[in-house]
Amino acid sequence: MNRYGWGRPAGGVIGLVVAAAALVACAAGEEPADAVGTWGEDAEGQPQLVIDEDGTVSGTDGCNRMTGTWSEGEDQDVTFGEFAVTQMACEGVDDWLSSATMGEVEGDELVLYDGSGEQIGTLTRGT
C-alpha cells in the first residue's frame, strides 16, 4: 500500500491513464505528427531542413546554410527559433525558407509559415 491507502503506486495509475489516452488517439486515427527528419531535396538550389530530436534544425535555402532551434508546440506544430543564415549571393535562388517561424506537419509535407502567419512554402519529407 502507498501513503494514500491504494494497493498500487500512483505512478502505475497515471501510466495506465496515459496508455489509455494513447490507444484512444491511435484508434481515432490521430497519431501525433513527427517533425523530426529531413524535409526537402538534397539538391543544388533546392531548400531543405533537417529537424533533429535534440531541438536543433539545420538546412539550406538552396544557397545559404541555416542553423537554429525548434520546439514542438500545440497540435504538434513546429516553432522555429531565429535562424542563423550565411549571406552568400546566389542568383536565381528564392530565400523564403529563412523567414519560416512555424510549420505544420500534414502527412508527408511540412507547411511553413512566416511571423505573420502567412504560408510561405511546403517541403516534402525526404527519404
Side-chain angles (χ1 to χ4, degrees):
M1 285 206 163
N2 65 19
R3 67 182 182 157
Y4 302 107
W6 300 340
R8 296 188 134 199
V13 173
I14 293 170
L16 289 173
V17 170
V18 170
L23 287 173
V24 169
C26 288
E30 297 175 10
E31 198 166 307
D34 185 8
V36 172
T38 302
W39 300 92
E41 294 182 46
D42 185 15
E44 188 174 330
Q46 297 298 311
Q48 182 184 53
L49 284 179
V50 178
I51 300 176
D52 290 316
E53 288 181 8
D54 66 1
T56 61
V57 61
S58 60
T60 178
D61 62 8
C63 173
N64 291 291
R65 302 295 309 159
M66 303 168 47
T67 61
T69 59
W70 74 280
S71 60
E72 187 173 81
E74 294 181 27
D75 301 323
Q76 289 76 41
D77 293 343
V78 177
T79 302
F80 298 108
E82 193 170 325
F83 287 110
V85 183
T86 60
Q87 298 296 311
M88 299 184 331
C90 298
E91 200 171 308
V93 174
D94 184 352
D95 62 356
W96 64 270
L97 186 56
S98 62
S99 63
T101 61
M102 190 187 87
E104 293 179 335
V105 177
E106 296 181 1
D108 284 338
E109 293 186 330
L110 179 62
V111 181
L112 297 155
Y113 301 88
D114 65 14
S116 67
E118 192 77 26
Q119 182 176 336
I120 56 173
T122 303
L123 296 174
T124 303
R125 186 180 294 275
T127 55

4.5 Å side-chain heavy-atom contact, Asn64 and Ser98
no
Exercise: identify the closest heavy-atom pair between Trp70 and Val78:
CE3-CG1, 3.8 Å
Heavy atoms of Val50 and Thr38 approach each other most closely as CG2-OG1, 4.0 Å
In the hydrophobic cluster built from side-chain contacts under 4.5 Å, what are the other members alongside Val111?
Met102, Tyr113
Atom CG in Leu110, atom OG1 in Thr122: separation rounded to 0.5 Å?
8.0 Å
For Val105 and Trp39, what are the C-alpha separation, side-chain angles and deciding distance, and is it a side chain to side chain contact (heavy atoms under 4.5 Å, CB included)?
CA-CA 10 Å; Val105 177; Trp39 300 92; 4.0 Å; yes
Does Asp42 have more than 12 heavy atoms from other residues, nucleotides or ligands lying within 6.0 Å of its CG?
no
Nearest atoms (heavy-atom pairs only) where Pro47 meets Leu97:
CB-CD2, 3.8 Å
Using a cut-off of 6.0 Å, state whether more than 12 heavy atoms not belonging to Glu82 lie near its atom CD.
no
Taking all non-hydrogen atoms of both residues, which atom of Ser99 and which atom of Ile120 are closest, and how far apart?
OG-CD1, 3.6 Å
Atom CG in Leu123, atom CD in Gln46: separation rounded to 0.5 Å?
10.0 Å
Thr69 side chain to Gly55 main-chain N or O, any donor-acceptor pair under 3.5 Å?
no
Main chain of Asp114, side chain of Thr101: is a donor-acceptor contact present, judged purely on distance under 3.5 Å?
yes
Quick check for you: to the nearest 0.5 Å, what is the distance between Ser58 atom OG and Leu49 atom CG?
8.0 Å
Can you name the closest pair of heavy atoms from Glu41 and Gln48 and give their distance?
O-CB, 3.5 Å
Is the backbone N or O of Gly117 less than 3.5 Å from a side-chain atom of Gln119, with the two atoms forming a donor-acceptor pair by type?
no
Check: Asp54 main-chain N/O paired with Asp52 side-chain donor or acceptor under 3.5 Å
no
Can you name the side-chain contact (heavy atoms from CB on, under 4.5 Å) partners of Val93, sequence neighbours left out?
Asp61, Cys63, Cys90
Asp34 and Arg125 have their tightest heavy-atom pair at O-NH2, 2.7 Å
